Number of protein chains: 2
Amino acid sequence: MNDVSSERLAPLVRKLASLGRLSQPEIDAVKALPITIRDMKAGQDLVRQGDRPSQACLMLDGMSYRFKIVGDGARQILSYHISGDIPDLQSLYLVSTDHTLSTLMSSRVAFIPHRSLHHLIETHPRLGGLLWRDTLIDGSIFREWMCSMGRRSAPTRVAHLLCELVVRYRNAGLAAEMTIPFGLTQINIGDSLGLSVVHVNRVFRDLKRDRLISVSGRKLTVLQWAELKRAGDFDPDYLHLAPEG
Amino acid sequence: MNDVSSERLAPLVRKLASLGRLSQPEIDAVKALPITIRDMKAGQDLVRQGDRPSQACLMLDGMSYRFKIVGDGARQILSYHISGDIPDLQSLYLVSTDHTLSTLMSSRVAFIPHRSLHHLIETHPRLGGLLWRDTLIDGSIFREWMCSMGRRSAPTRVAHLLCELVVRYRNAGLAAEMTIPFGLTQINIGDSLGLSVVHVNRVFRDLKRDRLISVSGRKLTVLQWAELKRAGDFDPDYLHLAPEG
DNA sequence: CGCCGGTTTGAAGAATTTCAAAGGGAGTGG
DNA sequence: CCACTCCCTTTGAAATTCTTCAAACCGGCG
């Protein structure tokens, strides 16, 4: 492989390295994955509910999110995905997709054939374990969101989500200090947390008023991290950031 | 192995067979897993938040459930587990457990050393794939619960949960007709769906009044399945019951 | 400049929670 | 075997959070 294609998969290598130590042959095998790269605009579907994808999506840049539409037409957002994430990794073993994956902003996405990933897992079982681990962390995040939606107040939910985004961006090396890219609309936040836009707006207003956060353009800055964590009942353990073992 | 121990793992074999076709050597390998069986009373912890288990729990009989306690002391129930389920399978690759697993009623539980499971996965990669698939279905159920808690009304949530229990019991061959074992208290249901007991009680009263369900002792009977499904906005796709492929 | 999607605000309404207390039912110990 | 106890269920009433509706505002983009 040449330098260009090897650099292209750097976000994936970094992500896997954050899940567990990688050997050089493993790194090489990951970098050798055949990929197709596409630049996508905001609001485009990557996988639709009911699809049976034959490739997995790897986020290189930008952000994507998963959601379901319930009976009365309301939308529930399930997760957000940044550089290095493979949002539909579960499609490797769950042939029929039960939700939709879309870009939240203009994004660069790599498509990796399932065939290649299955082969990678067979030849490098440890990498398979790391990918498995990644899907388990995905599930852990769902569990935490369930706690938020079931048992936390609206202000706590919003603060919690912001904390999660900050920690994940920082962990991926995509945030300087306490400022993160912030492409979510308040509509998105409402659909993530089971709240109406109006209410999200009011909670946001209070968070700004209390100088916990500030938003300017598409950047969000945490002004008082300890306070925001407390307000959001946030404990990062569920993100399982410490590598395996 | 003798007949006794092979029979003991029948729930696991059946579960795996429902996830994908098993070869005879694979069945034999599963049956050969070394296990410790314990009979447990209701309300005992199997794994606690923060634990680093060295074995996985397999439900043989009874029911267990997972939950988290949030900052203000409220409890969020995350899932229920019946015969054949391995509720803490994620501990194979997520060393630190982020929630608690307890018995909901008196149960028979088998403990399988992680070491044995890791060895099984190495020697029988296809079984590894099925177990992975099982953890992915776990995640899919979380996603559906998120939809319920975020975007469904209380009556819909309750009906949805009942539908799920019915389908899962029937799929596991543990329910005759439309009657299932029903050990959940209304407190449990509230903590599962993000509702107060009082409100659960009122919703339940309506479901009985409208003759969608009836409860007697520790059995629940669905009187009008089509109606209950509709009331619960229930589509079983998310359970991914059709075997892989 | 005008449009479009997102944000913000006010006011009224609905769903659900909280508080309080009484009523069952199953197991336990006397 | 009965009474007691504990937990769960049930009901009423008041309180609260959050939603809905409606409309104005704002900012970026074509």
Side-chain angles (χ1 to χ4, degrees), chain A residues 41-44 63 65 70 72-77 102-106 148-159 161 182-209 213-220 231, chain B residues 41-44 63 65 70 72-77 102-106 148-162 181-209 213-220 231 233:
Chain A
K41 282 184 290 196
Q44 294 194 280
M63 179 175 258
Y65 70 112
V70 303
D72 66 355
R75 178 176 70 162
Q76 176 63 48
I77 293 180
S102 296
T103 52
L104 188 77
M105 51 178 72
S106 62
S148 281
M149 290 201 287
R151 288 300 184 212
R152 290 187 177 119
S153 69
T156 308
R157 285 184 224 182
V158 173
L161 174 58
F182 192 65
L184 311 203
T185 65
Q186 295 183 7
I187 298 170
N188 293 329
I189 296 176
D191 284 346
S192 306
L193 303 176
L195 298 169
S196 69
V197 206
V198 173
H199 204 57
V200 169
N201 184 267
R202 281 168 185 149
V203 169
F204 239 76
R205 188 228 296 138
D206 294 347
L207 286 173
K208 291 175 195 161
R209 183 202 58 199
I213 61 167
S214 71
V215 181
S216 87
R218 292 172 159 241
K219 297 276 175 190
L220 179 142
Chain B
K41 282 185 290 196
Q44 294 194 282
M63 179 175 257
Y65 70 112
V70 303
D72 67 353
R75 178 176 71 160
Q76 177 63 49
I77 293 180
S102 297
T103 52
L104 187 77
M105 51 177 75
S106 61
S148 280
M149 290 201 287
R151 288 302 183 209
R152 290 188 177 117
S153 69
T156 308
R157 285 185 223 182
V158 173
H160 191 282
L161 174 58
L162 298 182
F182 192 65
L184 311 202
T185 65
Q186 296 183 7
I187 297 170
N188 295 147
I189 296 176
D191 284 347
S192 306
L193 302 176
L195 298 169
S196 69
V197 206
V198 173
H199 204 57
V200 169
N201 184 268
R202 283 169 183 146
V203 169
F204 239 76
R205 188 228 295 138
D206 294 346
L207 287 173
K208 291 174 195 160
R209 183 201 58 199
I213 61 168
S214 70
V215 181
S216 87
R218 291 169 161 243
K219 297 277 175 189
L220 179 142
D233 186 25

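So that the names make sense, note that chain A is the first sequence line, chain B the second, and so on, each numbered from 1. None of the values given here were measured: they were computed from a predicted structure.
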- [ ] Give me the one residue out of Thr156(A), Val158(A), Leu193(A), Val198(A) that meets side chain to side chain contact (heavy atoms under 4.5 Å, CB included) with Val203(A).
- [x] Val158(A)
TODO: Determine the contact category for Lys208(B): base if any of its heavy atoms lies under 4.0 Å from a base atom, sugar-phosphate if only primed atoms, P, OP1 or OP2 are that close, otherwise nothing.
DONE: sugar-phosphate
- [ ] Report yes if the side chains of Leu104(B) and Leu184(B) come closer than 4.5 Å at any heavy-atom pair, otherwise no.
- [x] yes
- [ ] Note down the inter-axis angle between the two ends of the helix from dC1(C)-dG30(D) to dG30(C)-dC1(D), five pairs each, to the nearest 10°.
- [x] 40°
Task: side chain to side chain donor-acceptor pair (under 3.5 Å), paired with Asp233(B), selected from His160(B), Arg157(B), Arg152(B) - done: Arg152(B)
Open item on the list: Going 5' to 3' along DNA chain C, which are the first and last nucleotides with any atom under 4.0 Å from a heavy atom of chain A?
Closed with: dG6(C) to dA11(C)
TODO: Verify, without hydrogens or angle tests, whether Arg202(A) (side chain) and Val197(A) (backbone) share a donor-acceptor contact under 3.5 angstrom.
DONE: no
Open item on the list: Using only atom types and a distance under 3.5 Å, with no angle test, would you say the side chain of Arg151(B) pairs donor to acceptor with the backbone of Leu195(A)?
Closed with: yes
Closest heavy-atom pair and its distance - [X], [Y]:
| X | Y | value |
| --- | --- | --- |
| Gln76(A) | Ser192(A) | NE2-O, 3.0 Å |
| Ala231(B) | Ala159(B) | C-CB, 3.9 Å |
| Gln44(A) | Lys41(A) | OE1-N, 2.9 Å |

Task: Listed partners of Arg75(A) passing side-chain contact (heavy atoms from CB on, under 4.5 Å), at least two apart - done: Tyr65(A), Phe67(A), Ile69(A), Ile77(A), Ile187(A), Asn188(A), Asp191(A)
TODO: Return the set of residues passing side chain to side chain donor-acceptor pair (under 3.5 Å) with Ser214(B) (not counting sequence neighbours), or none when no residue passes.
DONE: none
Open item on the list: Applying side chain to side chain donor-acceptor pair (under 3.5 Å), can you list everything that pairs with Thr103(B), at least two apart in sequence or on another chain?
Closed with: none
Spacing between [X] atom [atom1] and [N] atom [atom2], to the nearest angstrom:
| X | N | atom1 | atom2 | answer |
| --- | --- | --- | --- | --- |
| Gln186(B) | dC7(D) | CD | P | 17 Å |
| Asn201(B) | dT11(D) | CG | P | 6 Å |
| Leu184(B) | dC7(D) | CG | C1' | 16 Å |

Open item on the list: Just N and O in the side chain of Arg218(A): are any of them under 4.0 Å from OP1 or OP2 of dG28(D)?
Closed with: no
Open item on the list: Base contacts versus sugar-phosphate-only contacts with protein, heavy atoms under 4.0 Å: please encode nucleotides 16-23 of chain D as B, S and - from 5' to 3'.
Closed with: --BBBB--
